[in-house]
Structure formats: C-alpha cells, structure tokens
Amino acid sequence: MGMYLHLLLLQYYFVSSFVCNAIAFVEEPFGGRSDGYCGRILRAQTHGTRRDGHHEFRLRVEGDPDTYRPGSTYRVVLLATSPAYFRGFTLIALKEGREGTTDDDYTGQFQIIDEDETQFMTNCPPAVTESTPRRRTRIQVLWTAPPSGTGCVILKASIVQKRVIYFQDEGSLTVQLCEKEGEATQAPAIECCACGTAKYRLTFYGNWSEKVHPKDYPRRANHWSALIGASHSRSYVLWEYGGYASEGVRQVAEFGSPIKMEEEIRQKGDEVLTVIKTKAQWPAWQPFNLRAAPSAEFSVDRTRHLMSFLTMLGPSPDWNVGLSGEDLCTKECGWVQRLETDLIPWDAGTDSGVTYESPNKPTVPQEKIRPLTSLDHLQSPFYDPEGGAITPVARVVVERIARKGEQCNVVPDTIDDIVADIGQEEKETDDTPETCIYSGWSPWSACSSSTCEKGRRMRQRMLKAQLDLSVPCPHTQDFQPCMGPGCSREEPSTCMMSEWISWSACSVSCGMGMRSRERYVKQYPEDGSLCQLNTEETEKCVVNDECYTIPCMLSPWSEWSECSVTCGRGIRTRQRMLKSDPAECTEELEQTEKCMLPECPVDCMVSEWTEWSECNKTCGKGHTIRTRMIKVEPQFGGSYCPETIQRKKCKLRKCRRKPIKEEEVPGCRMQPWSSWTECTKPCGGGIQERFRVAKKRTKSKGCKDRKEIRACNAREC
C-alpha cells in the first residue's frame with residue numbers, strides 16, 4: 001500500500017506529553033509478513049531506560065505451575081504491587097531458545113478475556129497488548145499450551161510506566177514452563193475400538209465445607225443438587241468449557257433442578273445409553289461414616305463411550321462441578337478400570353452474581369461456560385490476591401464393576417488391569433500356573449449334535465501374558481459333551497452367570513439395615529429357556545453396633561418440601577421416621593422453616609374519580625377536570641397506574657362582545673386574586689385553586705366571589 005506508520009514500543013499507551021520520549025520505528029507495509037515486525041518489537045524492548053522490576057511487577061500463571069499439560073488452558077496474570085501501576089504492556093510466549101524473529105518462534109495461543117483491557121497487537125498477532133492507555137494494576141488473559149513435543153516455553157512481559165520500560169529476560173516478568181512428563185496428548189480417537197460393554201459405578205464425594213472453604217460459607221442452606229448426566233456418543237455434548245449452557249444446564253446451574261436436563265438427554269435417543277442420576281445432598285458435606293456418598297451406575301459401549309455429568313453447589317449464582325465428555329474407551333481397545341478426578345467449580349455464564357447468595361442478576365447476553373478462578377472478583381468466596389489455585393470442592397471416582405460380552409483388549413494397560421479382568425470372569429478350578437495370564441473363556445459354542453445323540457461343544461480363551469517363559473502354559477481350548485436342544489436335563493449348567501458385583505452400601509447409617517448385590521446372565525441356555533439362577537442377593541448389615549444402646553433411633557431427615565406459596569413468604573417442612581419405641585423418644589419428627597420466593601406482583605390501585613370541577617370560564621368555551629388518587633403504588637412487576645386526571649370541554653352562554661369587568665360593575669369592588677393553593681398531589685396529576693372575593697357587594701348579578709382551577713404535577717410518579 002506504500003503507507004508507513006510510526007509505531008511506539010507498545011501500542012497506544014503514551015499520552016501526548018510522553019510522545020517525544022517513546023521509541024519509534026517504521027512499520028512494515030500492510031499485507032507484509034508479521035515476523036520481521038515482531039522481531040523488531042523484541043529488539044526495541046531491549047533498549048531504552050530499564051529498571052529492575054522484581055519488586056513492583058510480576059507475571060504469574062495461576063497456580064504457579066512449573067510444567068504445562070499440552071492442550072490445557074491457563075490463566076496468565078500481569079500484576080503491579082501497590083502503589084505501583086503501569087500504562088502499557090506487551091505479552092508474548094516463545095519456544096525456549098528462540099528470538100521471536102519468525103512465526104515458528106511463537107507457541108501456544110492467547111485468548112482475550114476482556115476486550116476493554118487487552119487486544120492482540122496490530123501486525124504481530126502472537127503478542128497481546130493493552131486496548132486503551134490508562135493506569136492499571138492488573139490484566140489477565142488465557143493461554144492454551146502447545147501440543148506435545150514443543151518442549152519448554154518462555155512467557156515474557158514488558159511494561160511501560162511513565163517513561164520507564166521494564167523488560168525481563170529473567171526474573172519476575174518471565175515465566176518458564178516445560179512440558180509435563182507423561183502428559184503427552186493423544187489425538188482423539190475417531191472411533192472407539194473396544195468390544196462388548198462395560199458397567200461403571202460413579203461415586204461423588206463432596207469436599208465443600210466451612211473448614212476447607214471458610215470465606216462466606218453459607219451455613220444454613222449449603223447443599224449439592226441432584227447429580228444429572230449420561231453416557232453418550234461423541235455427537236452429543238451436555239456441556240463444555242467455551243460453549244454456551246443449554247436451558248437444561250441453566251436450570252441445574254441456577255435452581256438445582258435436573259428435570260429439564262433429563263428431558264434434553266432423553267430426547268437424544270440412541271445417542272445416549274444411560275441416564276446418570278443421584279439424589280441431592282443436604283447438607284453439602286457429611287462424614288462418610290454417617291451417610292454413604294451418593295453414587296450411580298451406568299454402562300458404556302463402543303458408540304456411547306463418553307460420560308458427562310454436572311451438579312450445582314448451592315446456594316450460588318450459577319456455579320457447578322462436573323465432567324464433560326470423559327472417554328472411558330482406551331487406545332488398547334479396552335475399558336478404563338478406574339478414574340479419579342478432583343473438581344473445581346465452573347460458571348455457567350447465565351447469572352452475574354459473585355457471591356454464594358448474590359441476588360438473581362441474569363447475564364445478558366449469555367456468556368460462555370468457564371472455570372472459576374481465584375482472581376475473578378474481590379467479593380468471590382474463592383478470591384486469593386496471590387492468584388493461587390482454587391482448592392477442589394469435590395472428587396469423583398468412576399470404577400469399572402463389570403464387563404459384558406466378548407472383549408478385545410489384547411494388550412491390557414497394566415498387570416492390575418489383567419488381574420481385574422480375571423476377577424470379573426468365572427474362576428475355573430484348573431491347574432493353570434500363576435505365570436500364565438489368560439482372558440476369560442468365551443461362551444460355549446452350539447452343540448455339534450442337533451438331536452439327542454451325544455455331541456460336543458467348544459469354548460476358547462486367549463493367552464494374554466506369559467510371565468515366565470520357562471513354565472509352559474496349558475491349552476486355550478476346552479470341550480464338553482452335549483446334546484441337542486431340549487435333551488439336556490442339566491438346564492442350569494448351560495446358564496452362564498457373571499461374578500457377583502460388590503455389595504452396595506448399607507441402607508442405614510446406624511444400626512441394622514439391608515444391602516444388596518447383583519450379577520447378570522452372560523449366556524442363556526441353548527434351547528431358549530430362562531435362567532433359574534438368582535441375579536440379585538440381599539442380606540442384613542449392621543453399621544455401628546453402639547446404635548443399639550441408643551433408645552431413640554431416627555431415620556435421616558427427608559428433603560425439604562416445596563414452599564407453601566408460589567411467591568412471597570411461606571413455609572416448608574421436612575420429616576423423619578421413628579425406628580424405636582415411641583415411649584422412649586421425645587425428639588421432634590417434623591421441622592418447619594420459613595421460605596422466601598420472589599415477591600408477589602402488586603398492582604396499582606386508584607381511588608374513585610372526583611366530581612367534575614366547575615368550568616374554568618364564566619362564558620363561552622372552557623374546560624372542566626376531575627382527578628383520582630393513587631392508593632397503592634405498583635411493585636415487583638405489577639400493573640402500571642392508569643391516568644389520574646381527565647378533562648373535558650364545557651360550553652356556557654355566549655360572552656358579550658364587550659364583557660363588563662368586575663371593577664366596572666356599578667358599586668362592585670373586588671379584592672386581588674389570592675395565590676394558587678398547593679397542588680393536591682406531588683405527582684400523577686393534581687389541581688390548584690385561587691380565589692377572588694368582592695370587597696363591596698351590590699345587587700348586580702355580576703358582583704360575586706370568583707374561583708379558578710388549573711391542573712398541576714401531571715408527570716408520572
């Protein structure tokens with residue numbers, strides 16, 4: 001284009017009084033490569049006035065990590081220690097040992113959080129700078145780490161404060177992050193290659209308590225909402241960072257209601273295999289020896305191998321925890337054996353509150369889902385001026401408890417996984433050496449005889465590992481005599497069952513209760529008959545024998561009922577059951593508390609109309625008015641007030657061409673007009689009056705007291 005621009009060291013931040021002190025150079029023409037331009041920025045930053053900025057300015061990555069996980073996103077903060085401040089800045093991320101002279105020297109990807117504060121530098125897209133020149137003490141951006149194999153990364157910042165440039169090759173304005181060993185990211189699998197199905201148990205352990213998170217902790221109403229989620233295909237996304245919350249997610253996030261979310265999940269049809277649900281937890285934190293952690297079981301298969309869920313921590317504006325699109329299919333075509341993850345809260349982007357009990361303040365327009373951080377707001381219960389990581393509020397454990405159907409995990413991840421696989425299969429009484437690791441037996445084949453003559457059937461297993469080559473491993477095929485359908489009298493023997501799944505938690509938190517376990521049918525009889533073996537067992541269980549010495553045994557409190565009103569103040573109740581002799585227990589079995597819903601709308605109420613006033617003229621055309629008063633102002637979205645003043649025309653006898661003035665009536669003398677009276681209403685339409693009294697009256701009809709009226713304060717209240 002032939003157009004050249006003069007560029008300061010950092011764009012836009014010097015006011016006019018500082019222009020003569022800025023470092024300037026000639027920019028590349030528009031349309032040219034950005035690498036030379038960025039390189040000159042870096043060279044310019046190493047010249048000019050410099051000072052040690054160790055004690056005034058600091059570049060931080062939230063949580064102060066020494067390493068990064070490829071593809072993960074981090075919050076990067078540039079801070080000034082009071083009373084210091086800065087006007088301008090530049091922030092870049094370079095591969096270690098690079099000078100920034102080529103595009104390939106830059107790595108990772110910055111993301112703007114607040115466009116009023118930060119922007120990408122013109123003609124040098126990898127760099128971030130300020131949007132407007134003004135005093136500031138903190139800016140923040142997001143940075144996504146590069147893919148695996150990039151190596152160490154150097155985050156660098158330069159700062160301008162008045163005429164002084166701070167730039168650190170090392171120290172508080174430079175942060176080095178190296179790739180975390182063993183965290184190499186794998187390209188997401190296009191299609192899961194595992195076989196059969198797997199059954200999992202999800203257990204949710206809440207860690208949100210006054211002891212762990214003491215700031216502004218809500219003592220009375222703290223709880224976890226009902227957990228809702230699903231096992232699903234890749235084409236369905238319940239929620240994700242950077243996405244927008246659906247109506248179902250919004251209702252979970254703001255109200256703790258899973259109804260709409262479950263409706264959305266079930267509408268996905270074949271994209272969902274299992275809906276995952278647990279009950280709400282009141283209060284949020286409970287000792288595990290008193291009440292079992294909420295859990296739910298779900299299944300996955302080759303096409304629906306992802307798991308997502310969410311639950312609200314309440315009260316809160318729209319804060320949740322959960323997992324999004326967790327893949328339970330391994331690259332070795334198997335199923336994950338155990339997953340354990342700490343959870344931090346995230347913001348659904350639908351409410352702008354900053355504290356647990358902030359009033360409702362819808363976010364318009366809706367924002368994207370993002371993780372909460374310790375630097376979001378001074379009033380946030382998670383705020384930390386140092387920008388440290390938020391202490392997890394919950395932990396979720398996902399354990400594989402059963403597998404069904406033929407599996408094809410040829411190379412298990414670990415020996416523990418192999419042993420777990422064996423534990424799920426039938427345990428055969430054979431002489432297999434411990435050094436030979438096999439898969440489970442396949443189902444029996446069809447009998448070779450279709451009549452009642454004797455035949456035989458076969459099953460197979462696979463040798464997975466031979467831990468000692470000097471010890472031979474026995475056969476991988478097994479044969480058994482059989483007869484055609486309907487001939488065998490040993491029907492139960494052809495009904496293959498899985499191992500029993502572990503016992504459930506006891507049904508009571510104290511005393512004697514019940515627990516259960518289950519198994520499933522792996523293979524039905526060849527003749528199509530039903531299996532006669534039990535698939536479920538129950539037994540008694542005792543939790544804390546000392547409970548028997550307590551004369552008053554009570555069940556846990558039920559959940560609170562719905563509020564007795566739909567708006568305004570009401571009451572709600574909860575109950576518990578007595579499990580011991582009523583004569584020995586005086587504990588209350590029902591509790592009542594007040595509840596508050598949004599105020600009920602109050603409509604405007606007005607009085608009846610007054611009588612029409614006298615005409616404001618004594619002859620000819622005039623007008624008359626009437627008014628009414630506002631008795632109740634509208635509140636909380638009630639209907640608005642109607643008009644409070646009306647006027648209409650009035651017509652009297654025609655006026656004489658030359659009307660006789662009061663002063664001209666023989667023998668009639670009038671006093672001056674009085675002042676206008678105060679308006680009858682401060683707003684909404686009132687009236688004023690004034691009077692004129694005859695000093696000396698005569699018998700003439702024209703000599704009498706006068707009154708005038710006019711409207712006033714007609715503006716709306």
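We count residues from 1, following the sequence as given. For the numbers below, each heavy atom of this structure counts, side chains included, while hydrogens, waters and symmetry mates do not.
- We find that R515 and E539 are joined by a salt bridge, their nearest charged nitrogen and carboxylate oxygen being less than 4.0 Å apart.
- Here E340 pairs with R395 in a salt bridge; the nearest charged N to carboxylate O distance falls below 4.0 Å.
- Under a 4.0 Å N-O distance rule, the pair E399/R338 qualifies as a salt bridge.
- Remark: E179 does not engage R69 in a salt bridge, criterion side-chain N to carboxylate O under 4.0 Å.
- With no hydrogens or angles considered, no side-chain donor-acceptor pair links Q251 and E254 at under 3.5 Å.
- By the ring pair (Phe, Tyr, Trp, His ring centres under 6.0 Å) test, Y200 pairs with F298, sequence neighbours left out.
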Which side-chain N or O atoms in residues 310-319 pair as donor and acceptor under 3.5 Å with protein atoms at least two apart or in another chain?
unit_1 : atom_1 : unit_2 : atom_2 : d
T311   : OG1    : S225   : O      : 2.8
T311   : OG1    : S225   : OG     : 3.3
S316   : OG     : L313   : O      : 2.7
S316   : OG     : W319   : N      : 3.3
D318   : OD2    : G349   : N      : 3.1
D318   : OD2    : T350   : N      : 2.9
D318   : OD2    : T350   : OG1    : 3.4
D318   : OD2    : D351   : N      : 3.0

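- Qualifying side chain to side chain donor-acceptor pair (under 3.5 Å) partners for S246, counting only residues two or more places apart in sequence or in other chains: E264.
- Checking W560 against Q591 by side-chain atom types alone, no donor-acceptor pair falls below 3.5 Å.
- Judged by distance alone, with hydrogens and angles left aside, the side-chain atoms of Q366 form a donor-acceptor pair with the main-chain N or O of A245 at under 3.5 Å.
- Annotation: side chain to side chain donor-acceptor pair (under 3.5 Å) contacts of E536 (sequence neighbours excluded): none.
- Looking at E262 and K277, a side-chain N of the basic residue comes within less than 4.0 Å of a carboxylate O on the acidic one, giving a salt bridge.
- A salt bridge does not link E562 with R572: none of the charged nitrogens is closer than 4.0 Å to a carboxylate oxygen.
- Take N207 and apply the side chain to side chain donor-acceptor pair (under 3.5 Å) test, not counting sequence neighbours, and it matches no residue.
- Between E559 atom CD and Q575 atom CD the span is 12.0 Å, to the nearest 0.5 Å.
- Taking the side chain to side chain donor-acceptor pair (under 3.5 Å) definition, one finds that S308 meets it with H232, sequence neighbours left out.
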